[in-house]
Enquirer: 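What follows is a structure written as structure tokens; I'll ask about it next.
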Amino acid sequence: MKKRVLVTCSAKGGVPYYWFSAYDQTLRMQHAEYEFEFMMESGNAAIGISRNIAAQNAMEHGYWKLVQIDKDQFWNPAQLIGLVSRPEAIVAAPYVKKKSGPVKWLIVKTPGAEVQEDGLLQCDFVGTGMLSTEIAALQHMVDFYPERRFLYEDEDGSTKTMTELFPIGLVGPNTPEGRLARIASAGTFREVQDILHCNLETPGRMLGEDYGFCLLARKAGLKIWCDTRQVVGHVGDVVYPITTEALNTPASIPTHNLDL
């Protein structure tokens, strides 16, 4: 029996021709091992909600893996197969910011990590423009974060329950979660009072839904990987990256230095 893979796209307004072309090629391929099924999430402009809907649908309908591919990703079926063939639970295809000049990769490697012989690089954060996730990993996160369950009203008016796995919001030492972490390590009642009533000078950080997902996944004990052999284009006024700068050069890949 083939392994079922759900491929989703947050496509309010429709998908561009290059995305549809890759979709068409994938369906025509009739892969021997994987059964690729596609779902376009066109009803919600909020990317975090759209990704949560995709994850919920994948878990509810018995898929093996979920692959989310944004409409501005220039991808092909070989890259899709390359990602889902990896045994790791969470693997992203790396891509860059839509800007000229030196490339800015939208991945943040784990301190000390280097590209392995098989092309994998362990990361603390990845852009989720093309992300493959095992359903078992998503279910593990759902079980790990019961407090993140919320009610959501679908387009047809029915109320559903899902887990916020792709949050957008502030992180840092002055947020409620940051204060709780500091209180846990406090030694005296006076220190607790200071934590409750005084802000540190260190500002917080606004994380998008992609980095928010990675932070939750790592806190739940999961590892994040990017497959450096599957670089996908990021479509703006042209397809980026324009240059072919090596992924494993220190100037290309930032290291995690966020104060979370």
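Computed from a predicted model, the values in this text were never measured in an experiment.
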Enquirer: Please enumerate all residues that pass ring-ring contact (aromatic ring centres under 6.0 Å, His included) together with Tyr63, with sequence neighbours excluded.
Expert: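 Tyr63 satisfies ring-ring contact (aromatic ring centres under 6.0 Å, His included) with no residue once adjacent residues are dropped.
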
Enquirer: List in chain and number order the residues that pass side-chain hydrogen bond (donor to acceptor under 3.5 Å, both in side chains) with Thr8, two or more places apart in sequence or in another chain; answer none if no residue qualifies.
Expert: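 So Thr8 forms no side-chain hydrogen bond (donor to acceptor under 3.5 Å, both in side chains) with any residue.
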
Enquirer: List the residues meeting side chain to side chain contact (heavy atoms under 4.5 Å, CB included) with Asp118, not counting sequence neighbours, and say none if there are none.
Expert: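 If we apply the side chain to side chain contact (heavy atoms under 4.5 Å, CB included) test to Asp118, skipping adjacent residues, the hits are Arg86, Gln116, Leu120.
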
Enquirer: Which atom names give the shortest non-hydrogen contact between Leu222 and Ala137, and what distance separates them?
Expert: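 Distance-wise, the nearest heavy atoms are CD1-O, 3.9 Å.
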
Enquirer: Can you name the nearest heavy-atom pair linking Thr110 to Cys123, along with the distance?
Expert: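 Distance-wise, the nearest heavy atoms are OG1-C, 3.2 Å.
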
Enquirer: Quick check against the 3.5 Å criterion: does Lys98 have a side-chain atom that pairs as donor or acceptor with the backbone of Gly236?
Expert: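 No, the answer is negative, given that no donor and acceptor are paired below the 3.5 Å cut-off.
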
Enquirer: In this structure, would Val238 and Trp105 fall into the same cluster of hydrophobic residues linked by side-chain contacts under 4.5 Å?
Expert: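 Both belong to a single hydrophobic cluster.
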
Enquirer: Can you list everything that forms a side-chain hydrogen bond (donor to acceptor under 3.5 Å, both in side chains) with Gln56? Sequence neighbours excluded, please.
Expert: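 Result, side-chain hydrogen bond (donor to acceptor under 3.5 Å, both in side chains) vs Gln56: Glu60.
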
Enquirer: Determine whether a donor-acceptor pair (N or O, by modelled atom type, separation under 3.5 Å) exists between the side chain of Asn52 and the backbone of Leu165.
Expert: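 Side chain of Asn52 to backbone of Leu165: a pair is present.
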
Enquirer: Report yes if some heavy atom in the side chain of Trp225 is under 4.5 Å from a heavy atom in the side chain of Gln122; otherwise report no.
Expert: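 Result yes, sub-4.5 Å side-chain heavy-atom pair found.
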
Enquirer: Only counting residues at least two apart or in another chain, list the ones meeting side chain to side chain contact (heavy atoms under 4.5 Å, CB included) with Glu33.
Expert: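 Counting only residues at least two positions away or on another chain, Glu33 forms a side chain to side chain contact (heavy atoms under 4.5 Å, CB included) with Lys3, His31.
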
Enquirer: Show every donor-acceptor pair shorter than 3.5 Å between a side-chain atom in residues 172-180 and any protein atom, with sequence neighbours excluded, or say none if there are none.
Expert:
from: Asn174; atom 1: OD1; to: Leu200; atom 2: N; distance (Å): 2.8
from: Asn174; atom 1: ND2; to: Leu200; atom 2: O; distance (Å): 3.1
from: Asn174; atom 1: ND2; to: Thr202; atom 2: O; distance (Å): 3.3
from: Thr175; atom 1: OG1; to: Gly172; atom 2: O; distance (Å): 2.8
from: Thr175; atom 1: OG1; to: Gly178; atom 2: N; distance (Å): 3.1
from: Glu177; atom 1: OE2; to: Lys219; atom 2: NZ; distance (Å): 3.2
from: Arg179; atom 1: NE; to: Asn174; atom 2: O; distance (Å): 3.1
from: Arg179; atom 1: NH1; to: Ile195; atom 2: O; distance (Å): 2.4
from: Arg179; atom 1: NH1; to: Cys198; atom 2: O; distance (Å): 3.3
from: Arg179; atom 1: NH2; to: Asn199; atom 2: OD1; distance (Å): 2.3

Enquirer: Test of understanding: with ring-ring contact (aromatic ring centres under 6.0 Å, His included), list the residues that count as partners of Trp75, not counting sequence neighbours.
Expert: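 By the ring-ring contact (aromatic ring centres under 6.0 Å, His included) rule, Trp75 matches Trp19.
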
Enquirer: Which value, rounded to the nearest 0.5 Å, describes the distance between Arg218 atom CZ and Lys223 atom NZ?
Expert: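 One gets 12.5 Å once the value is rounded to the nearest 0.5 Å.
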
Enquirer: Atom CE in Met1, atom CH2 in Trp64: separation rounded to 0.5 Å?
Expert: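 CH2 of Trp64 is found 14.5 Å from CE of Met1.
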
Enquirer: Tell me every residue that passes salt bridge (charged side-chain N to carboxylate O under 4.0 Å, His left out) with Lys99, counting only those two or more places apart in sequence or in another chain.
Expert: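 By the salt bridge (charged side-chain N to carboxylate O under 4.0 Å, His left out) rule, Lys99 matches no residue at all.
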
Enquirer: Between Phe20 and Tyr17, is the gap from one ring center to the other below 6.0 Å?
Expert: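 Centroid separation for Phe20 and Tyr17: 6.0 Å or greater.
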
Enquirer: Of the non-hydrogen atoms in Tyr18 and Asp72, which two are nearest, and what is the gap between them?
Expert: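 Heavy atoms only, the tightest pair is OH-CA, 3.6 Å.
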
Enquirer: Please tabulate, one pair per line, all N/O donor-acceptor pairs under 3.5 Å involving side-chain atoms of residues 88-97, not counting sequence neighbours.
Expert:
from: Tyr95; atom 1: OH; to: Thr128; atom 2: N; distance (Å): 3.4
from: Tyr95; atom 1: OH; to: Gly129; atom 2: N; distance (Å): 2.9

Enquirer: Give, for atom CG of Leu27 and atom CD of Gln25, the distance between the pair rounded to the nearest 0.5 Å.
Expert: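 So the gap between those two atoms works out to 10.5 Å.
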
Enquirer: Given Phe125, which of Ile107, Ile224, Asp210, Leu215 fulfils the side-chain contact (heavy atoms from CB on, under 4.5 Å) condition?
Expert: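 Only one option passes, and that is Leu215.
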
Enquirer: Which heavy-atom pair separates Val232 from Gln79 by the least distance, and what is that distance?
Expert: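 What the structure gives for the nearest pair is CG1-OE1, 3.5 Å.
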
Enquirer: Can you see which heavy atom on Phe213 is nearest to which on Pro167, and at what distance?
Expert: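 That closest heavy-atom pairing would be N-CD, 4.1 Å.
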
Enquirer: Considering only residues two or more places apart or on different chains, which pairs with a residue in residues 188-198 satisfy salt bridge (charged side-chain N to carboxylate O under 4.0 Å, His left out)?
Expert: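 Salt bridge (charged side-chain N to carboxylate O under 4.0 Å, His left out) check on residues 188-198 returns no pairs.
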
Enquirer: Hey, does Phe74 have a side-chain heavy atom less than 4.5 Å from the side chain of His234?
Expert: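 No, side chains not in contact.
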
Enquirer: Quick check: do Asp70 and Arg51 have side-chain heavy atoms less than 4.5 Å from each other?
Expert: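 The answer is yes; the side chains approach within 4.5 Å.
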
Enquirer: Within the structure provided, determine whether Tyr152 and Ile53 are in side-chain contact (heavy-atom separation under 4.5 Å).
Expert: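 Answer yes - side chains close enough.
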
Enquirer: What residue pairs, at least two apart or across chains, pass salt bridge (charged side-chain N to carboxylate O under 4.0 Å, His left out) with a residue in residues 158-176?
Expert: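 Pairs touching residues 158-176 that pass the test: Arg148-Glu164, Asp154-Lys160.
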
Enquirer: Which distance, rounded to the nearest 0.5 Å, do you find between the SG of Cys226 and the CG of Leu83?
Expert: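 It is 10.0 Å, given to the nearest 0.5 Å.
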
Enquirer: Do Gln68 and Met130 come within less than 4.5 Å of each other through their side chains, counting heavy atoms only?
Expert: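 A side-chain contact is absent here, since even the closest heavy-atom pair is not under 4.5 Å.
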
Enquirer: Quick one: does Cys214's side chain get under 4.5 Å of Val126's, heavy atoms only?
Expert: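 Heavy-atom side-chain distance check passes, below 4.5 Å.
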
Enquirer: What's the spacing between Thr26 OG1 and Tyr34 OH if we round to 0.5 Å?
Expert: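 With rounding to 0.5 Å, OG1 (Thr26) is 13.5 Å from OH (Tyr34).
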
Enquirer: Which atom pair, heavy atoms only, marks the closest approach of Lys71 to Cys9?
Expert: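 Taking Lys71 first and Cys9 second, the nearest heavy atoms are N-SG, 3.6 Å.
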
Enquirer: Working to the nearest 0.5 Å, report the span between CZ of Arg4 and NE2 of His61.
Expert: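 Between atom CZ of Arg4 and atom NE2 of His61 there are 8.5 Å.
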
Enquirer: List the residues meeting side chain to side chain contact (heavy atoms under 4.5 Å, CB included) with Ser185, not counting sequence neighbours, and say none if there are none.
Expert: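 Here no residue qualifies.
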
Enquirer: Hey, are the side chains of Ile81 and Phe36 touching, using non-hydrogen atoms and a 4.5 Å cut-off?
Expert: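 A side-chain contact exists here, since the closest heavy-atom pair is under 4.5 Å.
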
Enquirer: Quick one: does Phe144's side chain get under 4.5 Å of Thr163's, heavy atoms only?
Expert: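 Counting from C-beta outward, Phe144 and Thr163 never come under 4.5 Å.
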
